[in-house]
Amino acid sequence: MELLLHQVLAGLATGGIYACMALAVVMIYQAIDHLNFAQGEMAMFSTFIAWQLLQWGVPYWAAFVLTIAISFLAGVVIERTVFKPIHKAPVLTHVVMFIALFAIINSAAGFIWDFTIKSVPSPFGTQPLFGQRLISAHDAGMIAVTLVLLVLLYLFFRHTRVGLAMRAAAANPDSARLAGIRVGWMVALGWGMAAAVGSVAGMLIAPVVFLEPNMMLSILLYGFAAAVVGGLTSPGGAVFGGFAVGVVENLAGTFIPYVGRELKLSIALFIIVAVLIVKPSGLFGRRVVTRV
Amino acid sequence: MHDRAVAHVKSPPAGTLAGVSLDIWRRLAIAGALAVALAVPFAAKNFFIFQMTLAIIYAIAILGLNLLTGFNGQFSLGHSAFYALGAYTAAIMMEHGGLGYYWTLPAAGMVCFVAGFLFGLPALRLEGIYLALATFALAVAMPQILKSTPLEPWTGGVQGIVIIKPDAPFGLPLNSDQWLYFLSLAVALVLYACAVNLVGSRTGRAMIAIRDHPIAASAMGINVSLYKSLTFGVSALYTGVAGALGAVAISFVAPDSFTFVLAIGLFVGLVVGGVGSIPGTLFGGLFVLFVPNIAEHISKGLAGAAYGVILMLIIYAMPSGAAGLCRLIIGKFVRHGR
């Protein structure tokens with residue numbers, strides 16, 4: 001029983017990482033209607049920027065805010081320069097562009113900061129929370145930040161004009177344009193926000209998994225999985241999905257004998273496919289109804 | 001959604017170019033390409049022949065993917081899994097069954113057809129990006145499954161399986177690289193001819209109708225589920241045969257040759273070749289093989305960035321792939337008769 005509890009808590013802690021990433025994935029999906037395969041690499045690059053700032057002696061929270069701002073700008077710039085020219089292209093073309101972006105960012109980060117593992121400090125410290133051994137202060141802080149981010153995004157999308165305009169631009173670009181919304185800039189804004197959320201995720205994840213150019217590969221995959229389980233249209237669902245995937249991954253690794261540990265990733269992915277088959281739009285996603 | 005998701009395939013343009021009908025030009029082009037393909041093994045070094053063999057094999061795999069994505073509108077980022085399945089079927093048959101490599105091609109095709117058909121059934125419930133993700137999961141899981149302990153006696157685990165490279169049969173005066181090249185070329189010719197006929201047939205029109213408008217297709221009496229699963233099976237068959245050929249050509253299989261990087265490579269090859277174009281897959285095969293090498297040549301440290309930039313430039317230059325560009329150029333010079 002103690003083992004179960006321990007594994008669930010450990011799962012929640014890793015789930016926090018996935019939830020962060022899933023939130024960034026859902027964020028950009030809402031703004032541009034595509035899954036950004038380069039999202040993880042963007043977050044990784046942001047984290048390197050934060051690390052570089054810290055190396056230069058900038059205090060942690062200043063570096064934190066500065067990194068978010070830089071990432072936001074970078075996201076907007078990427079959208080304006082790379083993706084605006086092809087915004088009418090088919091989905092497949094977009095996916096290839098994401099792959100190209102992935103390769104460029106990954107390679108550039110390796111070139112600038114090389115492939116050795118770097119450690120990033122945690123703002124919350126790594127001591128156990130309240131003296132118990134189950135969950136560390138950093139894990140708790142990460143989960144808290146994710147939840148705060150979720151609430152902020154919820155408020156932004158529900159209760160501000162810009163948030164409403166962004167949702168309109170994503171849901172129905174033509175009607176949104178007729179209503180006077182500058183759809184192109186809303187998309188750029190979505191990219192910026194996704195990059196910013198991603199940078200927060202990266203900075204929170206880095207103390208746990210260590211910083212190196214390939215750190216995001218499997219995390220992004222779990223993040224996608226979490227986003228899909230929760231429903232790509234629902235930020236809350238994505239966070240829930242993140243925790244669920246983390247717990248399931250841990251429990252499968254511990255309690256399924258023989259193949260559990262080796263096939264942890266496969267089992268997690270299998271569960272996602274199973275969820276999708278039962279509920280094609282995710283647990284909390286809206287079904288998209290289109291006119292025939 | 002569907003008409004936006006996949007570029008439309010135009011029927012071959014009719015008309016004349018320099019007074020000769022396009023149909024004749026097309027035959028001339030095929031004959032010319034074939035002549036070049038037959039001449040390559042006698043004019044080039046062994047390593048280049050080997051590379052061209054791999055390019056043909058990738059082209060077959062991309063053709064399989066194209067039947068699924070280009071003609072039936074189902075995404076897959078997981079075809080490396082079927083490629084791996086074909087390769088391992090071949091390797092295990094040769095290693096543990098002691099069978100000749102020529103038996104492994106049809107066997108790999110059948111195994112992958114069944115696997116693809118079965119995977120196609122749950123895939124019916126998924127569309128667009130969700131299907132892409134589910135297939136991507138398959139691609140990521142495959143190397144882990146191949147490495148796993150229960151399968152190790154068969155797959156050789158992380159070590160993989162080493163196969164003996166076959167020599168030319170009947171005492172033909174060819175070395176094994178040349179022979180494997182001709183074998184791949186022959187298999188490719190058969191598979192391409194089958195694909196052209198399939199796409200032009202009643203079945204092919206049903207596949208395309210499902211891509212363009214599933215509801216209208218089912219209203220016309222097409223069994224959408226059956227055709228979609230069958231297309232998945234046929235697509236996996238092509239990719240599996242390519243995988244078996246690849247295993248024989250490289251004479252080695254290991255789990256880490258079949259990661260999602262391969263799946264993404266095939267997908268990129270599909271898009272730069274031209275979605276929904278059969279000859280475009282040849283360009284795709286060449287791209288998958290040569291562009292990473294070219295990128296490495298440009299800069300060792302920034303090879304990934306060079307690859308990404310080349311990819312971006314290609315997408316800007318030819319948004320609908322090499323096939324789309326050719327169609328555009330031919331369209332400029334063609335006089336539309338009739």
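Hydrogens, waters and symmetry mates play no part in the numbers below; they use all other heavy atoms, side chains included.
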With side chain to side chain contact (heavy atoms under 4.5 Å, CB included) as the test, would you mind laying out the steps for A:Leu35 and B:Phe136 before giving the verdict?
CA-CA 13 Å; A:Leu35 276 185; B:Phe136 191 59; over 6 Å; no
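Counting heavy-atom pairs closer than 4.5 Å to chain B, the top residue among A:Asp114, A:Leu221, A:Leu101 is A:Leu221. Most heavy-atom pairs under 4.5 Å with chain A: of the set B:Leu77, B:Val140, B:Leu270, B:Val268, this distinction falls to B:Val140. For the options B:Leu133, B:Ile314, B:Ile310, heavy-atom pairs under 4.5 Å to chain A are most numerous at B:Leu133.
Both the backbone and the side chain of B:Tyr130 come within less than 4.5 Å of a heavy atom of chain A. The contact between B:Pro122 and chain A is made by backbone and side chain atoms together, counting heavy-atom distances below 4.5 Å. For B:Ala303, the part lying near chain A is the backbone, with the side chain staying farther off; criterion is any non-hydrogen pair under 4.5 Å. The contact between B:Ile145 and chain A is made by backbone and side chain atoms together, counting heavy-atom distances below 4.5 Å.
Heavy-atom neighbours of A:Phe98 CZ from other residues, nucleotides or ligands within 6.0 Å: above the threshold of 12.
Closest approach of A:Ala100 and B:Gly308 over heavy atoms only: CB-O, 3.4 Å. Listed here is the closest heavy atom pair of B:Leu302 and A:Ala108: CD2-CA, 4.0 Å. Closest non-hydrogen pair, A:Ala103 versus B:Gly304, comes out as CB-O, 3.4 Å. Heavy-atom minimum distance, B:Arg125 versus A:Val278: NH2-O, 3.2 Å.
Looking at heavy atoms from C-beta onward, B:Phe267 lies in side-chain contact with A:Ile99 at the 4.5 angstrom threshold.
At distances below 3.5 Å, at least one donor-acceptor pair connects side-chain atoms of B:Tyr316 with backbone N or O atoms of A:Val82.
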